[in-house]
Protein chains: 4
Amino acid sequence: MKNTGPKAKKKLTAKGQSRKKELLEKALDLFGEKGYHATTIDDIVKAGATGKGTFYWYWQSKDEIFLELLSNKFESYISALENIQKMKIPTTDKLIMLFTEIGNMLIKYRKLCKLIYLLISANSDEFNADVLKATNDYYSRFRKILIQFIQEGQKEGSISRDVDAQHLATIFISIVDGLLLQEKVMNTNYLHPKMGETLITVLRKGIMIQPA
Amino acid sequence: MKNTGPKAKKKLTAKGQSRKKELLEKALDLFGEKGYHATTIDDIVKAGATGKGTFYWYWQSKDEIFLELLSNKFESYISALENIQKMKIPTTDKLIMLFTEIGNMLIKYRKLCKLIYLLISANSDEFNADVLKATNDYYSRFRKILIQFIQEGQKEGSISRDVDAQHLATIFISIVDGLLLQEKVMNTNYLHPKMGETLITVLRKGIMIQPA
Amino acid sequence: MKNTGPKAKKKLTAKGQSRKKELLEKALDLFGEKGYHATTIDDIVKAGATGKGTFYWYWQSKDEIFLELLSNKFESYISALENIQKMKIPTTDKLIMLFTEIGNMLIKYRKLCKLIYLLISANSDEFNADVLKATNDYYSRFRKILIQFIQEGQKEGSISRDVDAQHLATIFISIVDGLLLQEKVMNTNYLHPKMGETLITVLRKGIMIQPA
Amino acid sequence: MKNTGPKAKKKLTAKGQSRKKELLEKALDLFGEKGYHATTIDDIVKAGATGKGTFYWYWQSKDEIFLELLSNKFESYISALENIQKMKIPTTDKLIMLFTEIGNMLIKYRKLCKLIYLLISANSDEFNADVLKATNDYYSRFRKILIQFIQEGQKEGSISRDVDAQHLATIFISIVDGLLLQEKVMNTNYLHPKMGETLITVLRKGIMIQPA
DNA sequence: CATGAATGAGTTTTCATTCAT
DNA sequence: CATGAATGAAAACTCATTCAT
């Protein structure tokens, strides 16, 4: 890994912006399909119908584009969840919104999700500190949202106090990540509505306290 | 990938067996720590204090040792679960044994689990059909065990018939995989007893039907 | 051999063209001097004062540059002979032109000729179908030219009908190839004018004196 | 190339002799089929159903077995021709015996002939001085036999004095070598009786018909 | 004499990155 | 800004040769 030092942010023209976006999309597709290592700069610039120099005009390294993809996508993903959390509505309603939103995102950001696996398979030697930090932040914020949600629910009385909020958050995240993982391995689509229903059933009876 | 053609299985001496085992262990460590791509044959042979030729005496390629690791570990992992499934004991007891066993294995086979992430980050272009088939088999057998277990529980009346067995199996696997995934990302240990308790609580109330 | 799949032909700049040509010449020298196996990519790029990556920019493998050398040189060699064959001049004149041209070429394309030995020492396991096909085509076209020439001579009455055209063509080719072969083994130059004179004498009159 | 230094000749047991002979035959086949480089020690010992250590018991290196093959085969080949040359019979009879013997040998020593190509494709960097010297000796002795034969014929009046004996010998050898060469390239059998007849006709009478 | 596991220098090949145009 | 040829460090893989058993 080279060129991890700071570099003046470039002001891009409108055309530059659109080309950069194009390359980002192609890179997202390729990383998701082929993995980080197996995706070469050549693959990306060919998919974007441009030259290598162009790539290095926008990003300093392969790391850098990967980090940008993560940051962009995670940010919009997580901030949407944070917005739900901040809403002043009953926890039960939030529960539904939250899960609906996660479900939507799993479908909408299918490509992003594949990046998660890349991160996991990667290690500190392969990625620079920024990439690792970004991933940690994503998980921390996701956890924080869930923990707050659960604790509110417990305070409110809608979620059982028998369960530890920290652990439950971990289990939630596991389910989300694990589902995507199986999708990739088995090459099938587990994310259909029926699966959501089963999940809701389990959680409803498992952790929700029904008003008498 | 080269040399994927058939090749007579080598008969190894006792010393050869132990050296091969040594290299397998070192490779498992390295793949787990550094990832598949970032682990070089050089890393493996240096860790095993041997020459590159020795590696290629035992395996024909990097793929091949990876496949052997997967096959060996998955086999012992899954067959242990299959044995539990075959036992003629009450489903409730099986439930406990199954989860206990999975928990133990997650700890015992921590290194194996890391291989799962490698698989996920890998893709069909990188790995040969054997590796992909082995992984698929692993998941299929795991799913099959869980589905049988759930269906038995539903027949017996100990597991709610409100949930779809297929989907519930998928969720179970997600939780297991997802937990390991988070461990890796957050570099913490989520697999402590309290986490297990929370999980049991959720599942017990969520899907178990308590005898009146 | 890898990367034998189709790949878009690169458009080379003028400088690129000349550098590629430079490398081709160096490779021709080296293959001729040291043989195919004994010539390493390293040798070629060092001779061309460039990096290994440059080699792989122009060709996908060692095979590929070898095939290109063969194709290029054989093409110009054989097509010159074919042009003579097509001429509307007396067979006797063609005979002289043909042999003169072959003689010139043996000298001019000394390096090419060494490639023939490489081919012969090579076998179907080592070279891909393209290389073998190219060589076969060369010999077939060479034979075809000679057979046509002989048959025309026989029709015209300038060449004896006692000899089989096919066999005679084979013998001609043998002489040409065999001469080069000896040159290499003995490391001397047999291709001087006196040798040509002897050959013409033999063909013209034979060598045996019949008792009266 | 290593171990080219002198080494005490081993006294072999009867069993050792036969095993060595077996390996020599297998090596001859393999070198002929696959070429020198492409034939590995592993190939040879597998074909001989023995271990590598056994190979290195008999020969010090790959070079050494190759040299032994050359020496053995060439010796019996050339000495047979030398014996004909020494006979006190009319040159015309010798001619017939010589060509018959060469023809027989081309068929009998087909495998040996393939070694010639190996030598030619090889170069001084690849083979040690002994191998190169052996080949040179073979050609020199072959030439010497032919030159003596031709000169005797010229003295006797049965061969035209218009041709240079040295050059004619070279042409003879070229034909022999060239025929084998084409056989290999075209993968067909040119060495059938009709070919011999054509060759004899050419040599006897030439091929050109002089206008009256 | 025989075996085959072990070795490592030497080879081919890949690919992130640079830079002249 | 854009291009793509050039680079070389680093990786996978080969195979003649050695040597303990």
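Lettering follows sequence order; numbering is per chain, from 1. Quick caveat, the model's predicted, so the values are computed rather than measured.
- Considering only residues two or more places apart in sequence or on other chains, A:Thr40 meets the side chain to side chain donor-acceptor pair (under 3.5 Å) condition with A:Asp43.
- Taking the side chain to side chain donor-acceptor pair (under 3.5 Å) definition, one finds that D:Thr50 meets it with D:Arg19, D:Thr54, sequence neighbours left out.
- As rounded to whole Å, 11 Å separates atom P of F:dA16 from atom CG of D:Asp63.
- Residues meeting the salt bridge (Lys or Arg N to Asp or Glu O under 4.0 Å) test with C:Glu22, sequence neighbours left out: none.
- Qualifying side-chain contact (heavy atoms from CB on, under 4.5 Å) partners for A:Ala49, counting only residues two or more places apart in sequence or in other chains: none.
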Nucleotide N/O of nucleotides 19-21 of chain E paired with protein N/O under 3.5 Å:
none

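- C:Glu68 is linked by a salt bridge (Lys or Arg N to Asp or Glu O under 4.0 Å) to C:Lys20, counting only residues two or more places apart in sequence or in another chain.
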Would you sketch DNA chain E in dot-bracket for me? Only Watson-Crick or G-U wobble pairs with both distances under 3.5 Å count, crossing pairs as [ ], other-strand pairs as |, the rest as dots.
.||||||||||||||||||||

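- Here E:dG10 presents its C1' atom at 14 Å from NE2 of C:His37, a figure rounded to the nearest Å.
- Remark: C1' of F:dC13 and CG of D:Asp42 are 15 Å apart, rounded to the nearest angstrom.
- Rounded to an integer number of Å, the gap from CD of D:Gln17 to C1' of E:dC1 is 14 Å.
- Between B:Leu24 and B:Trp59, the closest side-chain pair of non-hydrogen atoms falls below 4.5 Å.
- If you measure from atom CH2 of A:Trp57 to atom C1' of E:dT18, you get 14 Å, rounded to the nearest angstrom.
- The nearest whole Å value for the distance from the CD1 atom in C:Ile65 to the P atom in E:dT13 is 12 Å.
- Note: NZ (D:Lys46) to C1' (E:dT3) measures 14 Å, nearest angstrom.
- Where C:Thr40 and A:Lys62 meet DNA chain E, the nucleotide closest to each residue was compared, and C:Thr40 sits on the side nearer the 5' end.
- Atom CD of B:Glu64 is separated from atom P of F:dT14 by 11 Å (rounded to the nearest Å).
- Within 4.0 Å of D:Thr54, counting heavy atoms only, lies at least one base atom of the nucleic acid.
- Between B:Tyr58 and E:dA6 there is a side-chain N or O to OP1 or OP2 distance below 4.0 Å.
- Applying the salt bridge (Lys or Arg N to Asp or Glu O under 4.0 Å) test to D:Lys52 and every residue at least two apart in sequence or in another chain returns D:Asp42.
- A residue-by-residue look at C:Ile41 and B:Arg19 shows that B:Arg19 has its nearest nucleotide of DNA chain E further toward the 5' end.
- The shortest side-chain heavy-atom distance between A:Tyr58 and A:Ile65 does not fall under the 4.5 Å cut-off.
- In this pair, D:Phe31 and D:Tyr36 present their aromatic rings parallel. The plane angle is below 30°, not in the 30 to 60° band.
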